[in-house]
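Read through the structure below, which is laid out as structure tokens, and then see the notes.
In what follows, chains carry the letters A, B, and so on, assigned in the order in which the sequence lines appear, proteins first and then strands, with residues in each chain numbered from 1.
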Amino acid sequence: MKAPLDYVLHLADNSLILGQRNAEWCGHGPILEEDIALANISLDLIGQARLLYQYAAELKGGGATEDKLAYLRGSREFRNYTLLELPHSGPLSGYARADRDYATTIVRNFFFSALMVLYWEALLQSKDEQLAAIAEKSIKEVRYHLRHARDWLVKLGDGTEASHARMRSALEHLMPYTKEFWVSSPAESQAVANGTGVDVASLRSQWDAIVNDGLNEATLIRPQDTSGYVTQGKEGVHSEHLDYVLAEMQSLARQYPNATW
Amino acid sequence: MTATTSVSEAWAILEGLSDPEIPVISLRELGILREIREADDGLEVIITPTYSGCPAMEQIHDDIGALLAKHGVKARVSTRLSPAWTTDWMTEEGKEKLRQYGIAPPTHKVSDVAVVKFMPRPSAAKLETVPCPKCGSANTLESSHFGSTACKALYRCQDCQETFDYFKPY
């Protein structure tokens, strides 16, 4: 059984876009160890994305390659959660810029890795063997990502007044974006129907338990996240930030098509 | 060279190939080299990647092809994802070589531990004692989960003050 192409792209785009975002810390980390940690986490995510794009290219056929999928699609074709494309800062619109904020980075990585430890675990049962094999590799990596994010969540949340306040703002800023996890896209419903995908809604109570446990230890209060707009990045409707990510990531491949070195 | 001798010969040739990042340990000892078998068009060498994004994998892929070609063996290299690579596959001699090289080998087999799947609490992580590869002291501290490569963590010995890499159980 094969997973739907859009479903594989959804998983691949999640990994690539967060990998690209976290890599922005490379050379700019708050301390050397964190610079290295974020680069390592990015490397894992981009590695997972490569495996998924290679598989997606095989499903797509017609001369598709991992590079074409990563570098030559437009933002409307990307299927990642909106959460993952946001800049490392509080709310921003348009071309506004702000300093990178490590609290935002940590909260996002915490939310996403808490989801993915459950997600990859569930995907081990996928009827798509290739997807199950990729899950088997990725689960080991994402457990370390969660450990890293959770440690810093606690250190910064239960840290100084200033670090606590920044964690609280990051939490309030990012929490609403996690609602997108739980609303099924057509690709996800299709994947669940043919036994290749995960019914994400079924992971929600476990995700809540991981998140609440972490926030509790970090002395942070979970914001109410029940109402309001639900982002739809996984259906191709993105924030303005994704185009800036793609512009930087894809510019070389687009300016010099088929370049090799 | 007949096909049957090639398989064992290929193992012998590849024994000389070490990990690009950790030159003291061979690919076989690291557990990356999974199988060599006869295929229609020569030999097939099957490797299993360590971490998904490990940049050494492409180098390893090319090194294997190049070394066999140099010995006149026609072979292609393919990648097998499942079962996923684990540090449990490292040989005991390989672990000893790591230790002598100054990298603390994994302290336990992943398969021996009931994996804490969802809530890797820091307190649980601290239970793991990683002896210093230099002086053997158990009085060591983790400086960072992530070291010079994705597969290693950074530790510091509180006794001899050595900073060292720890090959994480994976």
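- Ring geometry, B/His145 versus A/His148: the interplanar angle exceeds 60°, so the pair is classed perpendicular (tilted spans 30 to 60°).
- The local environment of CD in B/Glu96 is crowded, with over 12 non-hydrogen atoms from other residues, nucleotides or ligands closer than 6.0 Å.
- In terms of heavy-atom pairs under 4.5 angstrom with chain B, the leader among A/Ser138, A/Gly47, A/Ala132 is A/Gly47.
- Of the listed residues (B/Thr86, B/Thr79, B/Leu154, B/Leu81), the greatest number of heavy-atom pairs within a distance under 4.5 Å of chain A belongs to B/Leu81.
- Using a 4.5 Å cut-off between non-hydrogen atoms, no part of residues 22-32 of chain B approaches chain A.
- With respect to the salt-bridge test (charged N to carboxylate O, under 4.0 angstrom), the residues B/Glu142 and A/Arg147 qualify.
- Between the side chains of A/Glu136 and B/Ser82, at least one donor N or O sits under 3.5 Å from an acceptor N or O.
- Of the N and O atoms on the side chains of B/Ser52 and A/Glu141, at least one donor lies less than 3.5 Å from an acceptor on the other residue.
- Among residues at least two apart or in separate chains, side chain to side chain donor-acceptor pair (under 3.5 Å) pairs with a member in residues 61-70 of chain B are B/Gln59-B/Asp63.
- Put simply, the side chain of A/Lys140 never gets that close to the backbone of B/Tyr51: no donor and acceptor are under 3.5 Å apart.
- Looking at B/Thr50, the atoms closer than 4.5 Å to chain A (heavy atoms on both sides) all sit in the backbone: N, CA, C or O.
- Rounding to the nearest 0.5 Å places CZ of B/Phe146 at 13.0 Å from CG of A/Asp35.
- More than 12 heavy-atom neighbours from other residues, nucleotides or ligands sit within 6.0 angstrom of CG on A/Leu124.
- Counting non-hydrogen atoms of other residues, nucleotides and ligands closer than 6.0 Å to CD of A/Glu248 gives a total of 12 or fewer.
- Annotation: A/Lys179, atom NZ; neighbour count of heavy atoms from other residues, nucleotides and ligands within 6.0 Å is above 12.
- In this structure, the side chains of A/Arg143 and B/Tyr170 stay at 4.5 Å or more apart for every pair of heavy atoms.
- Annotation: maximal heavy-atom pairing with chain A below 4.5 Å, among B/Lys168, B/Met57, B/Arg80, occurs at B/Lys168.
- The most heavy-atom pairs under 4.5 Å with chain B, out of A/Leu45, A/Ile139, A/Leu51, come from A/Leu51.
- Other residues, nucleotides and ligands place no more than 12 heavy atoms under 6.0 Å from the CZ atom of B/Arg156.
- Heavy atoms from other residues, nucleotides or ligands lying under 6.0 Å from NZ of A/Lys127 number 12 at most.
- Between A/Ile36 and B/Gly147 the shortest heavy-atom distance is CG2-O, 3.0 Å.
- More than 12 heavy atoms of other residues, nucleotides or ligands shown are found within 6.0 angstrom of CD on B/Glu15.
- For B/Thr149, the part lying under 4.5 angstrom from a heavy atom of chain A is the backbone only.
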